[in-house]
Amino acid sequence: MKNKFIIAIFIAVALFSGFLAKDVIVSNIPATYLPKDMPSNVLNAKLRKQFGSDELFIFMFQLEEFSKESLTKFQKVVDRAKRVKNVKEIRSIFDHEVITGDADAVYVKKEFNVDNFEAELKELQNDEVAKDLYLDYDNKILSLVVEPTLIGESLQRHELKTQIEKEFQKLSDSGATFLGTAGELSVDTHQFEEMINVLTLVVPLTSIFSMAVIFFLFRSIGSIVVLQIGSTVVTGVCIGLYGAFELPYNMVSTMIPSLMMAITISFFIHLLNHSEEDDFNSYDEAAKKVFKPTMYSGITTSIGLFALAASPIPPIRYIGLVGGVGVITSVLFILFVSPILLRTFKVKLKKKSFNDMLMRKLDFLISTVLNAPRKTAVFMLATLCIFGFFGTYVESESSLYEFFPKDHALNRGNNLFKKHFVGTTPIDISLKVEEGSLLNADRMREILNMQAELEKLEDVTKVYSFANVLRTFHKKFSLSSFDAASSEMLEQYLFIYDGQDLYDFMDRDGTLGRVNLSLTENRANLIEKQIEKVEEIIKNTNLKGLKVALAGSGKLFSDQENLLIGGFTQGFVLSFGLVSLCLVLLFKSLGSGMLMMVPNLSPIIMSFGFMGIFNIWLDFGTAMISSLTLGIAVDDTIHMFHSMKKNIEIHGVNDGIRMAYRESGTSITMTTFILCTQFMLLMFSDFLPLKNFGFITSIGLFSALVFDLILLPALMKINHEGFFNYKLKHQP
Amino acid sequence: MKLFILLAIIATQTFANDAEKIMKSLYHANRPTTAIYKAKMIIEGAGRNSEREFVTIGKTNNIDDAENLVKFQKPSKFRNVSLLTKNYPNKNSSQWIYLPALKKVRRLDSSSKSGRFVGSDIYYTDMENRHYSKDNHKLVGKKGNLAVIESTPKEKDIYSKMINTIDLEKMVIVKAQFFIDGKPEKTTVSSDFKKDAGVWFAQKSVVTSHVIDQKTTTIITKHIFNKRVKNNYFNHFRLGDELKENF
């Protein structure tokens, strides 16, 4: 009856999670990586609502020649593409606003006269916007800048890209060769494609691998089935939580399935190791044997993950909370559900014992630890210090473009656009009127002077604002320099201005405006350095009566990086503290708790050491490693410590440690090997954060194993003998 | 089957002819020799509100040859900003603008007709007398004395489609929907119709934009039809002159 009840609950949880999972929102947009109430995020949302998205799709084409025929065909395709769902606007030479005129007339020209294409192209070559965004005349390159409606879901953005690409395929009829894409939306969709790649390739690969390992070790199809059920439900619960609380599922979240699979398989192997061969009634007994260590591991691992909830970065916070719940679900499955399923399916194991082989391999290690525990401890601690030193070289840096290989389509497109046009990192300087109006000629001249200074900055390839539009309008209308413009003139220009471009930079009341900068730099810290220079120039400009603040995708990205560092430190300290406290409480001993935490520092220090040696950045992928590996690695420590403590009490220190090696050392070696291989499969991804996450997590787990097998037993022996007892005993 | 197709074609042609007739009647209806309006324009949107007052003086020389002057009076910063439009038969219209701050008259190019008139939802192209023969018309609905006609330009134009609801008794447009590239651009609803000197006109019209958060309401506060007006008003060299008559 009790078993039926447990299974019923399990099925209900599985079905409900599946139901919730269908509402998952896949959204990788930059705004989701920052707290909603962060000032730059709030301001950016306001600017986007007023002026439209600065996350654009840019498509570049090269024509064989400029001709009436090719341009007519090109224009027709662009016009059709404007009707694609979620396209707000497509900007190109064909509808670029040019304020033009002569002594006779002035006008805002909005259409490209294909019949007179040579003159039109010549005019656009000299237009300060067209030449930097739409037309590279010498190389016959045209770019189409697609502005979407404010869509937040990555799937919708991907669909938009697919539809647009389908329309633009027809451009080959006009003799146009597609060169590549650029822009923030291009980054987002490539990341989305990589996310799908991970979910459809890498995760199944890890699943197949784990099934292969279980079969190899236990020769049982039934155990594979039960493991798969467990992994699927645990992952389903995690995804369901994303759906239930409308948390955006993004690039960071793609680590969840692999992580949950790894944790579940680890617990499952411990359960099966304690079960009897050919006896499907032994699983309940095995569950009782592993109950304490599994519970302890589950609690400490989930706490390690919950500690990530302290991160100010929402996706990391969510992965911590969701992951923590996932671990608890995994523990409950292993201890309460899997024995019932294994028994019900009459699963019989044929264990392949590696114990003897492993014990032979570990023999030298055991002898060294038992014969020279102090030297061993000093050597291991010295190793930690060396790698700790290398760890100080780790640089915190992120670049969405460098997350992909150099020859990836994203980077090719981005570099091409930077070469022929302008930088792809946008920053907005928001100017909000507190006093007066933006349509003040003196103020406008100050803004233009500020823009001229900003343009001198290295990495700033373009600065453009409402001031440029009004200056051009004035020059064309009055045929005089902007120095002669008055505020009254500006008001009246605005009165009759019938274009749209101006309102991409200023609201219709003249109370809110933006100055847009295009930076070539894509790395977060370097963007921050540029922002500091921009702020310095703003400070030296007389913008009295204006509230000035920075926003834009570039600013948000830079702020994310700053939050990452703060969050990382906070997360690690909290994780370490909570796990230590947990161990102390679980083992009811301060000494035991502290003893176990020493080898648990090793995965973090060794990981950072390798990151320092291989110049791997601390970024979104690697920032979570410390809390994650601490949470997973402590599982091995608990098993090993628990085993040693129990056996030392029965058999004395040397034999007790030998028994612990046989009992737990071999099993944690096996699970670590499996986990490391699983995480290393993430290196099949082209996506650098995942690749690094897989690599460094494997390093961390392997280090944890090494230190659990060497340092922990050495410390246990020293603890029993006393560090200086050795000398006292051997003094003449 | 063939008979059915034939009947369908005949029906469509009939409807098209009916629509053409209605649009032709509309084009010729309600045209005084001169029309002077004093009006208030209120532009509302996204938490902002602006009000302008202006006088328009229109003169019809013949059906395709008309002139129109708009002179702003309020607010004071726009006082005397003037726009002169001249429509010609078989030729693009011309427009001139005068800005008091510059004390200059400049011609506006005819290619900028999709622009907004003084930031409102009325576009420059709306201020021209569009000849009905430039579009293909289709009667899409009729109820009582209201007819709904869908018009599409014969050649590429600002609007890709217009749907007009016409009061056949008064021969006025009560509702007009405008489309650009197939997407709804704006809707004009006219109301408070009045008849004077045989001319029906709307005292109030509201244009609601579907692309930005904005609405333009024009209210006619005073009107005079068929009054003799000075030719100077339609001389672009004299565009900077203040209005001497108090309408």
Side-chain angles (χ1 to χ4, degrees), chain A residues 49-50 52 75-76 78-85 87-90 95 97-113 437 439 441 473-474 476-480 484-500 502-503 507-512, chain B residues 41 43-50 52 54 70 72 75-83 94-125 127 156-158 160 179-183 209 211-214 236:
Chain A
K49 196 176 169 193
Q50 178 68 45
Q75 188 173 25
K76 277 192 177 130
V78 173
D79 285 342
R80 260 201 307 272
K82 285 179 184 174
R83 292 167 194 235
V84 167
K85 190 183 167 192
V87 168
K88 186 181 172 192
E89 215 178 326
I90 298 182
D95 44 24
E97 271 180 29
V98 177
I99 300 172
T100 188
D102 50 35
D104 182 40
V106 68
Y107 48 95
V108 177
K109 191 157 73 73
K110 290 172 212 165
E111 278 181 28
F112 186 87
N113 183 359
S437 163
L439 298 171
F473 201 91
H474 170 80
K476 295 293 180 185
F477 207 100
S478 71
L479 301 171
S480 68
S486 68
S487 303
E488 201 185 10
M489 286 177 196
L490 296 181
E491 293 263 18
Q492 290 183 4
Y493 292 149
L494 197 66
F495 191 55
I496 62 164
Y497 175 78
D498 62 351
Q500 181 52 45
L502 177 64
Y503 300 114
D507 69 359
R508 287 172 189 269
D509 295 324
T511 57
L512 174 68
Chain B
M41 179 189 277
I43 302 173
E44 300 164 276
R48 66 176 189 280
N49 193 319
S50 62
R52 294 100 193 256
F54 57 91
V70 178
F72 285 86
S76 57
K77 61 183 175 182
F78 300 138
R79 186 177 174 79
N80 213 33
V81 170
S82 310
L83 173 75
S94 294
Q95 281 179 324
W96 290 265
I97 194 134
Y98 172 74
L99 293 186
L102 266 120
K103 294 186 173 46
K104 255 190 170 103
V105 175
R106 300 285 257 130
R107 188 168 61 80
L108 294 180
D109 190 86
S110 58
S111 62
S112 64
K113 294 298 160 57
S114 62
R116 291 169 182 272
F117 173 59
V118 296
S120 72
D121 299 297
I122 300 165
Y123 298 178
Y124 282 109
T125 191
M127 298 166 77
K156 189 170 164 29
D157 213 308
I158 309 287
S160 58
F179 297 80
I180 291 181
D181 290 335
K183 296 177 191 164
S209 172
V211 289
I212 59 171
D213 178 15
Q214 187 170 280
H236 64 271

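Naming: A, B, ... by sequence-line order, numbering from 1 per chain.
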Partner chain B: residue of A:Thr100, A:Asn113, A:Ile496 with the largest heavy-atom pair count (under 4.5 Å): A:Ile496
Interatomic distance, A:Arg508 atom CZ to B:Ser50 atom OG [nearest 0.5 angstrom]: 10.5 Å
B:Ile212 versus chain A, the contacting section by heavy-atom distance below 4.5 Å: side chain
Min side-chain heavy-atom separation B:Leu99-A:Tyr493 under 4.5 Å: yes
Contact origin within A:Tyr503 toward chain B - heavy atom pairs under 4.5 Å: neither
Under 4.5 Å from any heavy atom of chain A - which part of B:Lys183: side chain
Heavy-atom contact with chain A under 4.5 Å, split by part of B:Val81: side chain
Part of A:Lys49 lying under 4.5 Å from any heavy atom of chain B: neither
From CZ (B:Phe72) to CE (B:Met41), nearest 0.5 Å: 5.5 Å
Sidechain N-carboxylate O distance under 4.0 Å for A:Lys82, A:Asp79: yes
Distance in Å, A:Phe477 CZ paired with B:Lys104 NZ, rounded so as to fall on 0.5 Å steps: 9.0 Å
